[in-house]
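Naming: A, B, ... by sequence-line order, numbering from 1 per chain. Keep in mind it's a predicted model, so treat the numbers as computed, not measured.
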Amino acid sequence: MRASGLLLPTLRDAPGDAVATSHQLLVRGGFVRQVGAGLWSYLPLGFKVLQRTMAIIREEMDAIGAQEMLMPVMHPAELWRQTGRYDITALFKLKDRVGRDLVLAMTHEEVIAFHAAAEVRSYRDLPQIWYHIQTKERDEPRPQAGVLRTREFIMKDAYTLDRDRDGLDEGYAKHEVAYDRIFTRAGLEFWKVESDTGMMGGFGAHEYMAPCPAGEDRVALCQNGDYAANVELAVSVPDRPAFPPSQAPAEVETPGVATIEALAGYLGIDARTTMKAVIVVPEDARGGLVLALVRGDHRVHELKLTKALGTSFRPATPEEIRDTFGADPGSIGAVGVGDGALREVLVDDVLTDGAYVAGANRTGHHLVGVEHGRDFTGRVVDIRHVEADERCVVCGGALRIETAIEVGNIFKLGTRYAEALGATYQDENGREQPIWMGSYGIGPARILASIAEQRHDQHGLLWPLAVAPFDVWITAIGGGEALDEADRIEEELARDGLKVLVDDRALSPGVRFADADLIGVPIRVTVGKRLAKDGTVGVKLRGGDGEQSVPAGDAVRHILGVADGVPV
RNA sequence: CGGGACGUGGCGCAGCCUGGUAGCGCACGCGCUUUGGGAGCGCGGGGUCGCGAGUUCGAAUCUCGCCGUCCCGACCA
């Protein structure tokens, strides 16, 4: 392909509102353009990368026996009402001309269950794996980071249909194999981490996370690789401080002390031997105040607390705290709270061991020697945020926390959707049984963007050969003879399946080299004055050092060798 | 949804405070020169200054309203 006929709108400067590296480079390189908030077009270059990514996904999905199909983006609202998902705020809703309610799908569990209900009759029809690669719509409150979080995006979503939980586990395991291969082939650094199953429950889930600074998730990783989890549900073993000997709770004066730091400093004690009181108001019909307790140096994880409460919540106001506890916010504790004053007390499980300094519910006073079970009780839950350098629960190794973007997820749904939509089969005994479902998503655009996040240098992108828009970029300098030679090399390489761009644009060589670097094609060939001088062309790897001079006649063989040797 | 910022040729920006009819760099077109790392000279095209009201003799500039976009937070089945 000739560059002169290709849409290559490269920019020297990134748009001022591009913050994430992938956003800047993909726009500058002419891969994508923004149409509106969270709405993007893929220009020819970007679409080539997207298509190669999707081709890898297709190959690996087909390899585990998945069957590709295509389902509509627009669904009757009724399907979503039946599963209780019609009220999701991020769901786009619309009406047709006669007022029928429709939704724009954010995933396809409903339609899959609808088809399963209609077409699957017998246990002999199972298992099935169905997937499609289709547009998804989500009314995101805040699209961001270019192509990383958008309102419309393409997703590969697959669904397993099985007779029972064992079948689901097998389908799930197949997807683990396929996903490992997909992300590896795409050249991504990634981790498979345990993930939250959300408010919908489910029987387990993992996310595939690509580390990158623009990511919006945090994951906890063990140094020995035997534990990896999203911090939304990650657990750890915190270090244990030295506690003072057990004693009956004793009140001490702490005038003006309102923070853990001040408390530890004032009393000259380890902050890890203090207790932090967080007072929240659940936002459901029941109302009331909840006292959530974590160790002084720990943070409450909001999603964990939400799950423990079973509802969203807001912080209590200082007035609400004073009305209920009779003390200012800095002096609140669990001991001596009147019966019925609170909806409940939540105790982080770390606090079940040790004697702590806690608020006395008397402004300017704290209690020393407070012990769980003896001095206070409550529902013991995990509500704390895992921190770096805590210990792995599996092997005791050190944990680290990394920022990452979710590029895929796998989810054991169970029978929830099947039951809601009547997707059943008859077992060997003629009994009607619900179909067990799993769902498995991959975001090709996120793969593309996280490759850009992970693989770039000061000059531009460094695509892996498997998804690069072209395998080889030939810069032909000086016109006629060089261009003829470039075309000849392209023709021969094409016979071996390599995608080649011949840059014949009437631009100075410097500009064209800079574009080639920015666009990040893995193998670079220069056909220029050395062709006439000594019959050689230049070959180099993007990101590699040094160009090799190769006789033009050996160029094709040499390039093929280089292509074989390029690491993923 | 709460907080903040920004909207001026395709991209990056100045002009706004202090009102007088729009400018710079890159990109683009033409000509000549140049051709192995973002070339030089000359000529040239392109802007409802986000939209709508208002104030004023006069608004990119001041006032009000709306729209859009980005960032932080919340949200994210």
Side-chain angles (χ1 to χ4, degrees), chain A residues 7-20 23-24 27-30 33-39 80 83-91 103 105-110 136 138-146 148-151 153 157 195-202 205 207 214 216-217 230 232 283 302-303 306-307 312-315 405-406 409 411 413-414 416-417 420 439 441 458-460 474-480 482-483 503-518 524-533 536-540 547 549:
Chain A
L7 180 63
L8 278 180
T10 54
L11 298 173
R12 192 180 290 235
D13 301 306
D17 55 15
V19 177
H23 185 179
Q24 294 175 350
V27 172
R28 283 189 56 212
R33 285 293 187 267
Q34 182 169 15
V35 178
L39 302 171
W80 289 69
T83 57
R85 295 212 298 174
Y86 188 70
D87 297 322
I88 294 176
T89 50
L91 184 66
V103 307
M106 49 201 304
T107 62
H108 281 72
E109 282 84 0
E110 278 80 1
K136 299 287 181 287
R138 293 187 187 176
D139 193 358
E140 292 286 352
R142 192 179 154 199
Q144 59 186 319
L148 274 179
R149 188 170 193 82
T150 56
R151 295 195 292 178
F153 55 96
D157 44 324
S195 69
D196 184 31
T197 53
M199 290 301 181
M200 303 183 45
E207 289 164 337
E216 14 181 45
D217 284 289
N230 193 308
E232 292 173 353
E283 292 180 307
E302 291 192 18
L303 186 65
T306 300
K307 282 198 288 184
S312 60
F313 63 88
R314 63 168 174 85
I405 184 75
E406 178 187 353
N409 63 66
F411 197 115
L413 294 169
R416 174 199 161 90
Y417 289 93
S439 74
Q458 67 200 59
H459 303 295
I474 305 178
T475 309
I477 301 169
L483 189 53
D503 190 354
D504 60 331
R505 294 175 299 170
L507 296 168
S508 74
V511 172
R512 292 188 282 160
F513 290 141
D515 271 356
D517 286 343
L518 174 62
R524 289 266 305 278
V525 179
T526 305
V527 183
K529 66 186 177 195
R530 293 207 295 261
L531 182 65
K533 198 168 82 183
T536 65
V537 301
V539 178
K540 70 172 297 214
E547 184 186 64
S549 255

Describe the nucleic acid contact of [X] in one word from base, sugar-phosphate, nothing, applying a heavy-atom distance below 4.0 Å.
{"X": "A/V27", "value": "nothing"}
{"X": "A/A14", "value": "sugar-phosphate"}
{"X": "A/A145", "value": "sugar-phosphate"}

For [N] versus [M], give the span between their [atom1] atoms, rounded off to a whole number of Å.
{"N": "B/C24", "M": "B/G58", "atom1": "P", "result": "29 Å"}
{"N": "B/U56", "M": "B/C13", "atom1": "P", "result": "36 Å"}
{"N": "B/U69", "M": "B/C57", "atom1": "P", "result": "38 Å"}
{"N": "B/C62", "M": "B/G7", "atom1": "P", "result": "11 Å"}
{"N": "B/A59", "M": "B/G20", "atom1": "C1'", "result": "10 Å"}
{"N": "B/U21", "M": "B/C66", "atom1": "C1'", "result": "26 Å"}
{"N": "B/C1", "M": "B/G15", "atom1": "C1'", "result": "36 Å"}
{"N": "B/U8", "M": "B/A22", "atom1": "C1'", "result": "8 Å"}

[atom1] of [X] versus [atom2] of [N]: gap in Å, rounded?
{"X": "A/Y86", "N": "B/A77", "atom1": "OH", "atom2": "P", "result": "19 Å"}
{"X": "A/H23", "N": "B/U69", "atom1": "NE2", "atom2": "P", "result": "13 Å"}
{"X": "A/Q144", "N": "B/G73", "atom1": "CD", "atom2": "C1'", "result": "11 Å"}
{"X": "A/D13", "N": "B/C13", "atom1": "CG", "atom2": "C1'", "result": "9 Å"}
{"X": "A/R142", "N": "B/G3", "atom1": "CZ", "atom2": "C1'", "result": "11 Å"}
{"X": "A/Q24", "N": "B/C71", "atom1": "CD", "atom2": "C1'", "result": "14 Å"}
{"X": "A/L8", "N": "B/C11", "atom1": "CG", "atom2": "P", "result": "18 Å"}
{"X": "A/D139", "N": "B/A77", "atom1": "CG", "atom2": "P", "result": "14 Å"}

Short side-chain to backbone donor-acceptor contact, A/E140 and A/R142, under 3.5 Å: no
Complementary nucleotide for [N] - Watson-Crick or wobble, under 3.5 Å:
{"N": "B/G44", "answer": "B/C28"}
{"N": "B/G37", "answer": "none"}
{"N": "B/C1", "answer": "B/G73"}
{"N": "B/A22", "answer": "none"}
{"N": "B/C64", "answer": "B/G52"}

Sequence-aligned protein contact record of nucleotides 30-52 of chain B, with B where the base is within under 4.0 Å of a protein heavy atom and S where only the sugar-phosphate is: -----BBBBS-------------
With A/A532 via side chain to side chain contact (heavy atoms under 4.5 Å, CB included) - residues at least two apart: none
Non-neighbouring partners of A/L39 that pass side chain to side chain contact (heavy atoms under 4.5 Å, CB included), sequence neighbours left out: A/V35, A/R151, A/E152
Selected nucleotide, minimal atom distance to A/I88 side chain, candidates B/A77, B/G12, B/C72: B/A77
Side chain of A/P15 - closest among B/G73, B/C70, B/G12: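 The closest nucleotide is B/G12.
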First of A/G16 and A/E109 reached from the 5' end of RNA chain B, by closest nucleotide: A/G16
In a table with atom names and distances, give each donor-acceptor pair under 3.5 Å that connects a side chain of residues 8-20 of chain A to protein atoms at least two apart or in another chain.
residue: A/T10; atom: OG1; partner: A/D515; partner atom: OD1; Å: 3.0
residue: A/T10; atom: OG1; partner: A/D515; partner atom: OD2; Å: 3.3

Partner residues of A/T536 under the side chain to side chain donor-acceptor pair (under 3.5 Å) criterion, sequence neighbours left out: A/D534
Which residues share a side chain to side chain donor-acceptor pair (under 3.5 Å) with A/T475, sequence neighbours left out: A/W473
salt_bridge(A/E109, A/R416) N-O dist < 4.0 Å: no
Electrostatic pair A/E547:A/R530 at N-O distance under 4.0 angstrom: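 Yes, this pair counts.
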Residue-phosphate contact under 4.0 Å: A/Q34 side-chain N/O, B/C70 OP1/OP2: yes
Single hit among A/K540, A/R28, A/R524 for salt bridge (charged side-chain N to carboxylate O under 4.0 Å, His left out) with A/D517: A/R524
